[in-house]
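Here is the structure we will look at, set down as structure tokens.
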Amino acid sequence: MDGAALVSSSGVLFPPSLPPARLATALSAAAGCRFAPPPRSSFRTWRSGAGVAPVRKSARRCGAAVGGGGITEIDESQFPETVLKSDRPVLVEFVANWCGPCRLISPAMEWLAQEYKERLIIVKIDHDANPKLIEEYKVYGLPALILFKNGKEVPESRREGAITKVKLKEYLDSLLDSISVA
């Protein structure tokens, strides 16, 4: 029926609201992320009254489009091999999809990954999907940056909150200078 409301013996019934619109757009090129669109929802399922199909998150691969030196998203199972056993310093960025400041510094982090690709590795860890790492490294604020070298956290390397590109460069330059002297 095309009407806005249906009338029944018990009163006026309104049809269920439309399912949420799904938006599959790519992030800006500066963020270096590509989105794979989620599977199409079944309009017939919704119309038949079986309910709204669950909204699935888009699959995202960061750094893959950038080509060498991009940010790799890892999880708890990859952490020991990627971070703790690395022969180069590793900057770990703890982020969350719902975190505004995390999205704000994302382009600066991608720039940093390209700028410092010869000197260090940058990885991204999703806060919500990796609670053991969050607890182990006591990450209380997002975004959080921690530099690791030789399998250990570099003292004074922890940084939480949004940061400008200039301050990010100063922060990283001072850390890399301090660990190269040590």
Side-chain angles (χ1 to χ4, degrees), residues 25-36 38 56-182:
T25 59
L27 288 177
S28 67
C33 295
R34 294 184 298 178
F35 275 86
R56 295 186 181 112
K57 292 182 182 177
S58 299
R60 184 171 71 172
R61 281 182 34 206
C62 294
V66 180
I71 297 177
T72 305
E73 188 164 345
I74 65 169
D75 60 20
E76 291 169 350
S77 66
Q78 299 164 310
F79 187 82
E81 190 66 35
T82 307
V83 177
L84 302 180
K85 294 180 181 175
S86 176
D87 57 344
R88 292 196 299 173
V90 180
L91 181 63
V92 178
E93 178 189 18
F94 291 92
V95 297
N97 293 336
W98 47 262
C99 170
C102 299
R103 291 191 304 264
L104 186 67
I105 71 164
S106 182
M109 291 301 296
E110 286 291 339
W111 171 83
L112 204 67
Q114 290 301 311
E115 195 71 19
Y116 290 86
K117 66 183 169 189
E118 303 298 324
R119 297 178 67 187
L120 80 153
I121 299 166
I122 300 179
V123 297
K124 185 181 288 193
I125 296 176
D126 181 31
H127 174 276
D128 298 331
N130 301 285
K132 289 179 186 170
L133 287 175
I134 298 305
E135 186 178 333
E136 183 178 346
Y137 291 101
K138 296 175 179 48
V139 175
Y140 298 120
L142 294 176
L145 303 173
I146 303 174
L147 184 67
F148 288 83
K149 183 176 181 192
N150 299 327
K152 296 183 180 169
E153 182 179 338
V154 174
E156 307 293 320
S157 71
R158 189 176 290 257
R159 169 84 193 205
E160 293 179 348
I163 184 172
T164 65
K165 188 189 228 182
V166 172
K167 292 286 185 187
L168 193 57
K169 183 172 175 18
E170 290 172 6
Y171 156 80
L172 201 52
D173 283 339
S174 67
L175 282 176
L176 291 174
D177 289 343
S178 71
I179 62 173
S180 65
V181 172

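It should be emphasised that the depicted structure is a prediction, and the values quoted were computed from it without experimental measurement. Sequence positions, counted from 1, serve as the residue numbers for this chain.
The side-chain heavy atoms of F79 and V92, taken from C-beta on, include a pair separated by under 4.5 Å. You'll find the side chain of S106 reaches within 4.5 Å of the side chain of K124, heavy atoms only. With contacts defined as side-chain heavy-atom distances shorter than 4.5 Å, the pair I146/F94 qualifies. The side-chain heavy atoms of T82 and V90, taken from C-beta on, include no pair separated by under 4.5 Å.
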Show every donor-acceptor pair shorter than 3.5 Å between a side-chain atom in residues 136-143 and any protein atom, with sequence neighbours excluded, or say none if there are none.
none

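Residue pairs satisfying the ring pair (Phe, Tyr, Trp, His ring centres under 6.0 Å) criterion with at least one member in residues 151-175, sequence neighbours excluded, are absent.
Expressed to the nearest 0.5 Å, how far CG of L172 lies from OG of S174 amounts to 8.0 Å. A distance of 11.0 Å separates CD of E115 from CG of L168, quoted to the nearest 0.5 Å. The distance from the CZ atom of F148 to the CD1 atom of I179 is 12.5 Å, given to the nearest 0.5 Å. Atom-to-atom distance recorded for I105:CD1 and L112:CG is 9.5 Å, nearest 0.5 angstrom. How far CG of D128 is from CD1 of I134: 8.5 Å, rounded to the nearest 0.5 Å. Here E118 contributes atom CD and R88 contributes atom CZ; the two are 7.0 Å apart, rounded to the nearest 0.5 Å.
A side-chain donor-acceptor contact under 3.5 Å links S180 to the backbone of D177. Remark: the backbone N or O of P89 is not paired with any side-chain donor or acceptor of R119 at under 3.5 angstrom. Of the possible donor and acceptor atoms, one in the side chain of E76 sits under 3.5 Å from a partner among the backbone N and O of K132.
Between A96 and H127, the closest heavy-atom pair is CB-CB, 4.1 Å. Across every non-hydrogen atom of W98 and R103, the tightest pair is C-NH1, 3.7 Å. For the pair E160 and A144, the tightest heavy-atom approach, listed with the atom from each and the gap, is CG-CB, 3.9 Å. In this structure, E156 and L175 approach most closely via the heavy-atom pair O-CD2, 4.1 Å.
Contacts of A129 classified as side-chain contact (heavy atoms from CB on, under 4.5 Å), with partners at least two apart in sequence or in another chain: D126.
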- Task: Go through the steps to decide whether M109 and L91 satisfy the test side-chain contact (heavy atoms from CB on, under 4.5 Å), and finish with yes or no.
- Result: CA-CA 10 Å; M109 291 301 296; L91 181 63; 4.0 Å; yes
